[in-house]
Amino acid sequence: MLPTKDCAVCGRTITWRKKWERSWDEVRYCSDACRRRSKGAGAGVDASLDAALRELLAARAAAATVCPSEVARAVGGEDWRDLMEPARAAARRMVVAGEAEITQGGRVVDPSTAKGPIRVRRVR
């Protein structure tokens, strides 16, 4: 089994590659886009999305879920559609931190491979 770690920005799983043999300890990002986002203007938006997701989950019943579009709307207002993928990334970061679970059809799924509509809930 190859070693894995989670991307510091989006929470996706990074799997060890031969080219990283000498620098595996320094690998933090899954892509150049995540590396740029960690240093650019996206970092402030990410913090806002994280906070909005925590607030929405705290305001709901323990078993209730939140859609990432609700988080994007809370932060982006009218321009919420551009925040959909960053909102999903915020949910993945919460999963990595052990604070949340991502579900599809009521079942917990792997956040790195989930495609299509997802819901986020607190860890039970």
Can you name the closest pair of heavy atoms from [X] and [Y] and give their distance?
X	Y	result
Pro111	Ile102	CB-CD1, 3.5 Å
Pro86	Asp46	CB-OD1, 4.3 Å
Ala61	Arg122	O-NH2, 3.1 Å
Val75	Ala52	CG2-CB, 3.7 Å
Asp50	Ala90	OD1-CB, 3.2 Å
Val123	Gly98	CG2-O, 3.3 Å

* Asked: So, the side chain of Arg93 versus the backbone of Val9: is there a donor-acceptor pair under 3.5 Å, distance only?
  ->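 Confirmed, Arg93 side chain pairs with Val9 backbone.
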* To do: Measure from the side-chain N and O atoms of Ser31 to the backbone N and O of Cys34, and report whether any donor-acceptor pair falls under 3.5 Å.
  => yes
Rounded distance (nearest 0.5 Å) linking atom [atom1] of [X] with atom [atom2] of [Y]:
X	Y	atom1	atom2	result
Lys115	Arg88	NZ	CZ	9.0 Å
Arg73	Arg81	CZ	CZ	7.0 Å
Ile118	Glu101	CD1	CD	12.5 Å

* To do: Taking side chain to side chain contact (heavy atoms under 4.5 Å, CB included) as the test, write out the residues that go with Ala72, two or more places apart.
  => Trp80, Leu83, Met84, Ala87
* Between Glu26 and Arg35, is there a side-chain N and carboxylate O pair less than 4.0 Å apart? -> no
Throw together a table of side-chain donor-acceptor distances under 3.5 angstrom for residues 13-24, partners on residues two or more places apart or in other chains.
unit_1	atom_1	unit_2	atom_2	d
Thr13	OG1	Ser112	OG	2.9
Lys18	NZ	Glu21	OE1	2.9

Are the side chains of [X] and [Y] in touch, meaning some heavy atoms are under 4.5 Å apart?
X	Y	answer
Leu57	Met94	yes
Arg121	Val108	yes
Arg28	Cys7	no

